[in-house]
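As a basis for the values below, the full set of heavy atoms in this structure was taken, side chains included, without hydrogen atoms, waters or symmetry mates.
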Amino acid sequence: MSDTPHFGWNLDALDDCLDGRWGATTPFTLRWSHSALARDRLARFPTVLEILRDHRVEVDLL
């Protein structure tokens, strides 16, 4: 991993954002509005939730 923040449009970027070196500071709670729509449209929805939970992000699916 480089010392420069990498924020992109993929799961690696989400993981980088949550690793504690930059971006969001965990733990925190994410309140995900319209989560049913996201679940229907994101093929990787379960993986996104797993990454968030691995980084101590509590997810409220609204």
Please report the interatomic distance OG(S35) to CG(L30), rounded to the nearest 0.5 Å.
9.5 Å
Residues 33-52 vs salt bridge (charged side-chain N to carboxylate O under 4.0 Å, His left out), sequence neighbours excluded, gives none
Name each donor-acceptor pair under 3.5 Å that joins a side chain in residues 52-62 to protein atoms two or more places apart or in another chain, with its distance.
unit_1: H55; atom_1: ND1; unit_2: L18; atom_2: O; d: 3.1
unit_1: H55; atom_1: NE2; unit_2: D15; atom_2: OD1; d: 2.6
unit_1: R56; atom_1: NH2; unit_2: T26; atom_2: O; d: 3.2

Among residues at least two apart in sequence or on other chains, which ones pass ring pair (Phe, Tyr, Trp, His ring centres under 6.0 Å) with F45?
W32
